[in-house]
A.B. asks: 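This is the structure I have questions about; it appears just below.
These numbers were taken from a predicted model, which means no experiment stands behind them. Excluded from the calculations below are hydrogen atoms, water molecules and symmetry mates; all remaining heavy atoms, backbone and side chain alike, are included.
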Amino acid sequence: MKRTQLAIICAALLLGCAPTETQAAYEEDPHLQPPEQTESDVFALNMFRALVNERHGNIIFSPSATEALLRMLMQGARGKTAAELVALPMGKTEATTAMQVAEASALFLDTTFRLKPGITADTVISAPLTPQPTEAARQINTWAAQNTRGMIPEIITPNELKKGEPIRLIATSAIALEEKWLRPFHPDATDTDAVFTGADGRKISVAMMYRTCKYRYAEGRDWRAVALFYRTDGRKGEPGCFLAILPKGDARAFAGTLTARTFSSIRNALATAPPREITIGLPKIEQRTPAFSLTTALQACGLRHIFTSGADLSGFADEDLHLQNVLHRCYVKADEQGVRAAAVTSGVVVQKCADISLPPLIFNRPFVWAITDLTTPTAPYFLGLFESP
């Protein structure tokens, strides 16, 4: 072990659980109710595996923001389209959490779109989605920034609004949270030159936060995990936590096969584990994904009909509508004091074009011709190849 790293860990041991004036009130481990023996996060894990197997590099995904969008689309879905949405094994919506989670939803309607009664969202906004894509993108991105405390400044570009069929509706959901650690990391115990070994074996210099204290810790056959709780400050509901899982083997292979059952067993093990003293080393994180498509992952999870021309979204309007794309963007930051995170998900709903205009057919280069009829089995009267006048 490097001398510097050893010194940092010694500092973590010294600073670890010694309460300060600001920390003392938050040191007690939270009391948790016995965990539910259910797999309420099946859809979340199905999507996560699909994204891990589809995308390269870091994966950040908000199941909560995605499920909120799908529930918005469910309002206007009918027939087979609705049946596929209802069949998705999404999580519960009535859980009470002590985390300070801000959620918002919006429907951006093209200026000529008339929404049927009974469709609800936090905000319904008229925007020139098809005629003025630059202005429409500005309105959507402004809403995203306002509802994620500036963490997601942009979710859609004007070019995205110019693709394919006329855009009639964009359903958008946002989530933002800011939490303080129950047991903050002391800045003096952060090693600013720690080594992180990447998936490709490269050694990368990172700032590693250390703390030695009592945490809920559990391990299984191929994983070790710890729960780092957030402060509740007297708020009702279950306290949230940052659940960190360290696979004993390849992390991408572990993530690519992580089922809801395994994830639930990890959560249950931590929920019932007694606090044990352990030294934690967690890298400081700040990552922002570009806007990326969830369409392929959603299709892999069974949501297919809504993306086809046969989709039935007639609950929104009496038009031939289908979902063209689902865009997703996330931000997360973890430092010595706590965690900030946000996500925005947008579903782009388009109108199927009734008539597609054909390009001109100009015979201005060599062509084949015939003199014949079209319904009798007789040989053509003439066949020709015209190469020059």
Side-chain angles (χ1 to χ4, degrees), residues 41-67 69-70 88 141 144 148 151-157 159-160 163-164 172-176 194-209 222-225 242-263 266 281-304 307 323-335 339-348:
D41 37 35
V42 174
F43 173 74
L45 271 297
N46 288 350
M47 281 290 292
F48 182 68
R49 288 197 309 276
L51 289 169
V52 168
N53 292 320
E54 170 195 334
R55 299 178 61 80
H56 299 290
N58 296 318
I59 304 292
I60 311 174
F61 164 59
S62 172
S64 180
T66 303
E67 292 186 9
L69 172 75
L70 296 177
L88 294 175
N141 293 330
T148 60
M151 288 183 274
I152 306 291
E154 181 182 277
I155 182 63
I156 203 160
T157 65
N159 286 339
E160 184 67 33
K163 293 179 180 177
T172 303
S173 68
I175 182 172
V195 175
F196 185 95
T197 303
D200 59 0
R202 288 190 304 120
K203 306 295 183 181
I204 306 163
S205 179
V206 299
M208 187 75 70
M209 304 181 294
D222 54 354
W223 55 268
R224 301 175 70 203
F242 186 93
L243 193 165
I245 306 169
L246 186 66
K248 295 180 180 177
D250 182 83
R252 180 166 287 271
F254 179 87
T257 57
L258 182 60
T259 64
R261 175 173 294 183
T262 301
F263 187 65
I266 295 172
L282 184 71
K284 293 177 70 170
I285 299 169
E286 184 169 18
Q287 294 180 344
R288 189 191 309 276
T289 72
F292 63 94
S293 176
L294 294 181
T295 299
T296 301
L298 286 166
Q299 290 170 333
C301 291
L303 192 64
R304 300 183 182 91
F307 293 102
L323 191 60
Q324 177 178 271
N325 198 7
V326 176
L327 298 169
H328 193 64
R329 192 173 186 188
C330 297
Y331 170 85
V332 64
K333 179 180 181 180
D335 60 17
V339 172
R340 300 180 75 222
V344 175
T345 311
S346 290
V348 181

A.B. asks: Does any part of the side chain of Leu70, heavy atoms only, come nearer than 4.5 Å to the side chain of Phe43, both counted from C-beta?
C.D. replies: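 Answer yes - side chains close enough.
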A.B. asks: In sequence, state the C-alpha distance, the side-chain angles, and the governing distance for Gln299 and Phe307, and then conclude on side chain to side chain contact (heavy atoms under 4.5 Å, CB included).
C.D. replies: CA-CA 9 Å; Gln299 290 170 333; Phe307 293 102; 3.9 Å; yes
A.B. asks: Whether the side chain of Arg252 engages the backbone of Gly57 through a donor-acceptor N/O pair (distance < 3.5 Å, no angle test) should be reported.
C.D. replies: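 Present.
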A.B. asks: Any chance you could measure Glu160, atom CD, to Asn325, atom CG, to the nearest 0.5 Å?
C.D. replies: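 Here the rounded value is 5.0 Å.
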A.B. asks: Side chain to side chain contact (heavy atoms under 4.5 Å, CB included), that's the test. Do Ile60 and Gln287 meet it? Break it down for me.
C.D. replies: CA-CA 9 Å; Ile60 311 174; Gln287 294 180 344; 3.7 Å; yes
A.B. asks: Could you tell me which non-hydrogen atom of Thr345 sits nearest to which non-hydrogen atom of Val326, and how far apart they are?
C.D. replies: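 So the minimum-distance heavy-atom pair works out to CG2-CG1, 3.7 Å.
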A.B. asks: Taking the side chain as every heavy atom from C-beta outward, state whether Leu298 and Met47 have any pair of such atoms under 4.5 Å apart.
C.D. replies: yes
A.B. asks: Is a donor from one side chain sitting under 3.5 angstrom from an acceptor on the other, for Ser293 and Thr295?
C.D. replies: yes
A.B. asks: Is the shortest side-chain N to carboxylate O distance from Arg202 to Asp200 below 4.0 Å?
C.D. replies: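 Asp200 and Arg202: salt-bridged.
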A.B. asks: Tell me the closest heavy-atom pair linking Ala144 and Ile155, and the distance in Å.
C.D. replies: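 Heavy atoms of Ala144 and Ile155 come nearest at CB-CG2, 4.3 Å.
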A.B. asks: Any chance you could lay out the side chain to side chain contact (heavy atoms under 4.5 Å, CB included) test for Glu54 and Leu51, step after step, and finish with the verdict?
C.D. replies: CA-CA 5 Å; Glu54 170 195 334; Leu51 289 169; 4.2 Å; yes
A.B. asks: Find the distance between CZ (Phe254) and OG1 (Thr262) and round it off to the nearest 0.5 Å.
C.D. replies: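 The OG1 atom of Thr262 is 6.5 Å from CZ of Phe254, to the nearest 0.5 Å.
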A.B. asks: Closest approach of Ser62 and Ala65, non-hydrogen atoms and distance?
C.D. replies: OG-N, 3.1 Å
A.B. asks: Test your reading of the model: is there a side-chain donor-acceptor pair from Arg329 to the backbone of Thr289, 3.5 Å cut-off?
C.D. replies: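 Yes; at least one donor-acceptor contact below 3.5 Å.
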A.B. asks: Is any side-chain heavy atom of Thr259 closer than 4.5 Å to a side-chain heavy atom of Leu45?
C.D. replies: no
A.B. asks: State, to 0.1 Å, how close Met151 and Ala176 come at their nearest heavy-atom pair, and which atoms those are.
C.D. replies: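 Answer, listing the atom of Met151 first, then Ala176: CE-CB, 4.1 Å.
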A.B. asks: Identify the two heavy atoms, one from Cys301 and one from Leu88, that lie closest to each other, and give their separation to 0.1 Å.
C.D. replies: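 It is O-CD2, 3.6 Å.
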A.B. asks: Can you check side chain to side chain contact (heavy atoms under 4.5 Å, CB included) on Leu246 and Trp223, steps first, answer last?
C.D. replies: CA-CA 6 Å; Leu246 186 66; Trp223 55 268; over 6 Å; no
A.B. asks: How long is the gap from OG1 on Thr197 to NZ on Lys203, to the nearest 0.5 Å?
C.D. replies: 3.0 Å
A.B. asks: Supply the atom-to-atom distance His328 NE2 to Ile152 CD1, rounded to the nearest 0.5 angstrom.
C.D. replies: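 Between atom NE2 of His328 and atom CD1 of Ile152 there are 8.5 Å.
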A.B. asks: Determine yes or no for a side-chain-to-main-chain donor-acceptor pair under 3.5 angstrom, with Thr148 supplying the side chain and Ala342 the backbone.
C.D. replies: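 Answer holds: no.
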A.B. asks: Return the set of residues passing side chain to side chain donor-acceptor pair (under 3.5 Å) with Ser346 (not counting sequence neighbours), or none when no residue passes.
C.D. replies: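 Applying side chain to side chain donor-acceptor pair (under 3.5 Å) to Ser346 gives Thr172.
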A.B. asks: Is it the case that Arg55 places NZ or CZ above or below the six-membered ring of Phe292, under 6.0 angstrom from the centre and within 45 degrees of the axis?
C.D. replies: yes
A.B. asks: Applying side chain to side chain donor-acceptor pair (under 3.5 Å), can you list everything that pairs with Asp335, at least two apart in sequence or on another chain?
C.D. replies: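 Not a single residue meets the side chain to side chain donor-acceptor pair (under 3.5 Å) criterion with Asp335.
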A.B. asks: How far does CG of Leu323 sit from CZ of Arg304, to the nearest 0.5 angstrom?
C.D. replies: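 CZ of Arg304 is found 14.5 Å from CG of Leu323.
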A.B. asks: With a 4.5 Å limit on heavy-atom distance, are the side chains of Val339 and Lys333 in contact?
C.D. replies: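 Val339 vs Lys333: side chains apart.
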A.B. asks: Between CZ of Phe196 and CD1 of Ile204, what distance do you get to the nearest 0.5 Å?
C.D. replies: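 Taking CZ in Phe196 and CD1 in Ile204, the distance rounds to 6.5 Å.
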A.B. asks: Keeping the roles fixed (side chain from Asn141, backbone from Ile156), state whether a donor-acceptor pair exists under 3.5 Å.
C.D. replies: yes
A.B. asks: Among residues at least two apart in sequence or on other chains, which ones pass side chain to side chain donor-acceptor pair (under 3.5 Å) with Arg224?
C.D. replies: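 Arg224: side chain to side chain donor-acceptor pair (under 3.5 Å) contacts with Tyr217.
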